[in-house]
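Side chains are part of it too, since the values below use all heavy atoms of this structure and drop only hydrogens, waters and symmetry mates. Chain letters run A, B, ... following the sequence lines, proteins first and then strands; every chain starts at 1.
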2 protein chains.
Amino acid sequence: MSRYADAARDGDGRVHHTLAETESAVAERLDGMSVDVESMAAVQNIYRAANTIRNHLEQTVLAPHDLTWTGWVVLWVVWIWGDIETRHVAEEAGISKGTLTGVIGTLEKRGLLLRRTHPDDARRVLVALTPKGRKLMNTLFPIFNAAEARVTASLSTTDKTHLATSLRAVVAEVDEF
Amino acid sequence: MSRYADAARDGDGRVHHTLAETESAVAERLDGMSVDVESMAAVQNIYRAANTIRNHLEQTVLAPHDLTWTGWVVLWVVWIWGDIETRHVAEEAGISKGTLTGVIGTLEKRGLLLRRTHPDDARRVLVALTPKGRKLMNTLFPIFNAAEARVTASLSTTDKTHLATSLRAVVAEVDEF
DNA sequence: ACAGTTTCGTTCGGATCCGAACGATTTATG
DNA sequence: CATAAATCGTTCGGATCCGAACGAAACTGT
């Protein structure tokens, strides 16, 4: 991750502490406390992996096309669903509607998508890709998908499927509220 | 996720499209393209799960104590490692050093940690928790860990371990650059 | 009909977030 | 020993990010 290109490294060039070092430090600090180690490790690794992947894909795939991660996700959602209401875009993209207003503004300024008022409900706003936006997605998606394959290359197809299944279960669990 | 409390829901109260609906829409849009579906699903679910967990824990655990997710992570790193240089905090927390300057400023203003110049190198800055910060972590960590257990409750211990292992492999793969 | 409620997208304040540029300091080199 | 190169934390501009508050529009019940 070149984001940390100027970060200090240990003598042997490592960026992070090793797993053993970290777990040892954690165990020392948590000594005597009742800790669910497996749940902690699961949650921490989900977040770290998500961050690592996001930063990597932003750099290698998105930045050359002047796209942020969120901009890409919004573009993706609109590409897949086409002519979608903004509140649904926010749900699918996983961002608040307040944030979406700004992101759509940015993408609209670049001519990648368009806003228009819903014909049956003047409160709602429909979003759709412009031809320029569609062309960008047709170009960029294969590149993005290839990068997705690269970052998960160390997992077998079965591993990836199991991974996705477990993560869906977590999301479903949290949504139970 | 009360973050979407005012989001539109379908007739049966669902927030998201179902998996089948989404996959059908994706398949239609991607028809004729060569797509690595498993890699795509893996990456998408990693990111969605991370976001879902973050938002949930921010709300239920962190917000009552006026902490952001990033603030919590930084506090955690300093708690575990104690008397650590800021550049290492940035690495462990997964944020840029520029961001860390602001976050540490916020936490320092609240009296949760302290900055001091490294005795052997005036460029470096050491960070450590204040007694108030340590007290907060002692109170908050058990609550946070219990919430981690809840969000992963649908997974067995073995599932969680396999999940963490797969995610570590992804991170290691990306770090190969 | 029509006042009260709900549901839209937008706006706002404040906190992150990044990369690039910057001064200050330390290390490397001739 | 003095100059160059590398490394540190900070600052800056611009884009997200959220929750709360807002006005507009649509719905609700009477």
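Note: CG (B:Asp121) to C1' (D:dA6) measures 12 Å, nearest angstrom. Regarding A:Ile95, its CD1 atom lies at a distance of 17 Å from the C1' atom of C:dA15, rounded to whole Å. Summarising the geometry, the separation between CD on A:Glu85 and P on C:dC8 is reported as 8 Å, rounded to the nearest angstrom. Protein atom CZ of A:Arg116 is 18 Å distant from nucleotide atom P of C:dC8, rounded to whole Å. Distance CZ (B:Arg124) to C1' (D:dT7): 8 Å, rounded to an integer number of Å. Per the geometry, NE2 belonging to A:His88 stands 14 Å off C1' belonging to C:dG9, to the nearest Å. B:Arg54 has its CZ atom 6 Å from the P atom of C:dC17, to the nearest Å. The CG-P distance, from A:Asp120 to C:dC8, rounds to 14 Å in whole Å.
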Using nucleotides 10-14 of chain C, report all nitrogen or oxygen pairs with the protein that are shorter than 3.5 Å.
from: C:dT10; atom 1: OP1; to: A:Arg115; atom 2: NH1; distance (Å): 2.9
from: C:dT10; atom 1: OP2; to: A:Thr101; atom 2: OG1; distance (Å): 3.2
from: C:dT10; atom 1: OP2; to: A:Arg115; atom 2: NH1; distance (Å): 3.3

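For D:dG9, the OP1/OP2 oxygens have no side-chain nitrogen or oxygen of B:Arg123 closer than 4.0 Å.
Between the side chains of A:Lys97 and A:Thr86, no donor-acceptor pair is found at a separation under 3.5 Å.
A salt bridge does not link A:Arg150 to B:Asp36: none of the charged nitrogens lies less than 4.0 Å from a carboxylate oxygen. We find that A:Glu58 and A:Arg54 are joined by a salt bridge, their nearest charged nitrogen and carboxylate oxygen being less than 4.0 Å apart. Under a 4.0 Å N-O distance rule, the pair A:Asp83/A:Arg116 qualifies as a salt bridge.
Between A:Glu58 and B:Ala122, the one whose closest nucleotide on DNA chain C sits nearer the 5' end is A:Glu58.
One hydrophobic cluster, built from ILVMFWY side chains closer than 4.5 Å, holds both B:Val43 and B:Tyr47. Neither A:Ile80 nor A:Leu114 shares a network with the other; the hydrophobic side chains, linked directly or stepwise wherever heavy atoms of I, L, V, M, F, W or Y lie under 4.5 Å apart, form separate groups for each.
Between B:Phe141 and B:Trp76, the ring center distance clears the sub-6.0 Å criterion.
Closest to the side chain of B:Val103, out of C:dC17, C:dG19, D:dG19, is C:dC17.
Of the residues in residues 61-76 of chain A, those lying under 4.0 Å from DNA chain D by heavy-atom distance are A:Thr68, A:Thr70.
Under the 3.5 Å distance criterion, the side-chain polar atoms of A:Asn138 are matched with a main-chain donor or acceptor of A:Arg134. For the pair B:Arg48 (side chain) and A:Val171 (backbone), a donor-acceptor distance under 3.5 Å is absent.
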